[in-house]
Amino acid sequence: MAAQIQYTKKALKGKNSLSGNEKAILEALEQDLRETAGKPLGRGWQSLGPVKQYAANAWHCHFTRNKVAVWLIETDKAGKICIVLCRFEYVGTRGKAPY
């Protein structure tokens, strides 16, 4: 089951301000999220885990030393079809991360 990726306006602005190397790393994270339904555990991502103080279904990952991404995982089950949506809420420096 592949996940869909979306960005809030704030997260998209943060993504657009990244350097070329940081964007490539974030795109690799997006690909892992698609393949693992939003939880790429065991794939070598730095400080990957849930952020329960932000939201019950929130996850974060430090994709460089100082850059972090926070996303929400939403599932919609309609009959036998399950749709997983990973919506990035924040992309930017870890000092301003919402957790």
Side-chain angles (χ1 to χ4, degrees):
M1 151 183 50
Q4 298 175 2
I5 305 293
Q6 288 183 351
Y7 283 86
T8 62
K9 288 181 182 181
K10 182 179 180 179
L12 189 59
K13 184 178 177 181
K15 179 183 177 181
N16 291 336
S17 69
L18 297 175
S19 69
N21 186 38
E22 292 169 339
K23 282 184 184 177
I25 295 169
L26 184 60
E27 288 172 3
L29 175 62
E30 287 178 15
Q31 184 61 34
D32 274 356
L33 292 176
R34 283 187 193 97
E35 294 172 358
T36 61
K39 301 176 186 176
L41 301 172
R43 293 198 172 200
W45 291 103
Q46 189 177 16
S47 300
L48 173 74
V51 186
K52 294 184 180 180
Q53 63 269 32
Y54 181 69
N57 56 350
W59 286 72
H60 85 293
C61 177
H62 293 252
F63 58 93
T64 66
R65 182 172 181 258
N66 195 33
K67 300 293 182 175
V68 65
V70 177
W71 64 93
L72 295 176
I73 300 173
E74 299 175 359
T75 57
D76 183 21
K77 294 181 181 178
K80 294 181 180 179
I81 299 172
C82 182
I83 299 169
V84 177
L85 173 67
C86 295
R87 187 177 67 236
F88 281 89
E89 296 286 318
Y90 178 79
V91 174
T93 60
R94 64 182 179 169
K96 295 182 181 180
Y99 58 85

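- The two residues Ala58 and Leu72 come nearest to each other via the heavy atoms CB-CD2, 3.5 Å.
- Residues forming a side chain to side chain contact (heavy atoms under 4.5 Å, CB included) with Thr8 (at least two apart in sequence, or on another chain): Lys10, Ala11, Arg87, Glu89.
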In a table with atom names and distances, give each donor-acceptor pair under 3.5 Å that connects a side chain of residues 18-27 to protein atoms at least two apart or in another chain.
residue: Ser19; atom: OG; partner: Glu22; partner atom: N; Å: 3.4
residue: Ser19; atom: OG; partner: Glu22; partner atom: OE1; Å: 3.4
residue: Glu22; atom: OE1; partner: Ser19; partner atom: N; Å: 3.1

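- Sorted by first and then second residue, the ring pair (Phe, Tyr, Trp, His ring centres under 6.0 Å) pairs involving residues 9-45 (not counting sequence neighbours) form an empty list.
- Side-chain contact between Val70 and Pro98 is present, with at least one heavy-atom pair separated by less than 4.5 Å.
- In this structure, Thr75 OG1 and Leu85 CG are separated by 10.0 Å, a value rounded to the nearest 0.5 Å.
- Applying the side chain to side chain donor-acceptor pair (under 3.5 Å) test to pairs two or more places apart or on separate chains, those with a residue in residues 58-69 are His62-Tyr99.
- Using a 4.5 Å heavy-atom cutoff, the side chains of Glu74 and Val84 are not in contact.
- Atoms OH and OH, on Tyr90 and Tyr54 in that order, are 11.0 Å from each other to the nearest 0.5 Å.
- The local environment of NZ in Lys15 is crowded, with over 12 non-hydrogen atoms from other residues, nucleotides or ligands closer than 6.0 Å.
- Pro40 has its side chain within reach of Leu33: a pair of non-hydrogen atoms, C-beta onward, lies under 4.5 Å apart.
- The CZ atom of Phe63 sits 10.0 Å away from atom CD of Glu30, with the distance rounded to the nearest 0.5 Å.
- Under the side chain to side chain donor-acceptor pair (under 3.5 Å) criterion, Ser47 pairs with no residue at all, not counting sequence neighbours.
- In this structure, Asp32 and Glu35 have side chains that are in contact, with non-hydrogen atoms separated by less than 4.5 Å.
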Leu29 vs Trp71, side-chain contact (heavy atoms from CB on, under 4.5 Å): CA-CA, chis, key distance, verdict | CA-CA 11 Å; Leu29 175 62; Trp71 64 93; 4.1 Å; yes
Determine, stepwise, if the pair Leu41 / Leu48 fulfils side-chain contact (heavy atoms from CB on, under 4.5 Å).
-> CA-CA 7 Å; Leu41 301 172; Leu48 173 74; 3.7 Å; yes
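- Here the closest heavy-atom approach between residue Ala3 and residue Ala37 is recorded as CB-CA, 4.0 Å.
- For residues 3-43, the ring pair (Phe, Tyr, Trp, His ring centres under 6.0 Å) pairs, not counting sequence neighbours, are Tyr7-Phe88.
- Once rounded to the nearest 0.5 Å, the distance linking SG of Cys61 with CD of Gln46 reads 7.5 Å.
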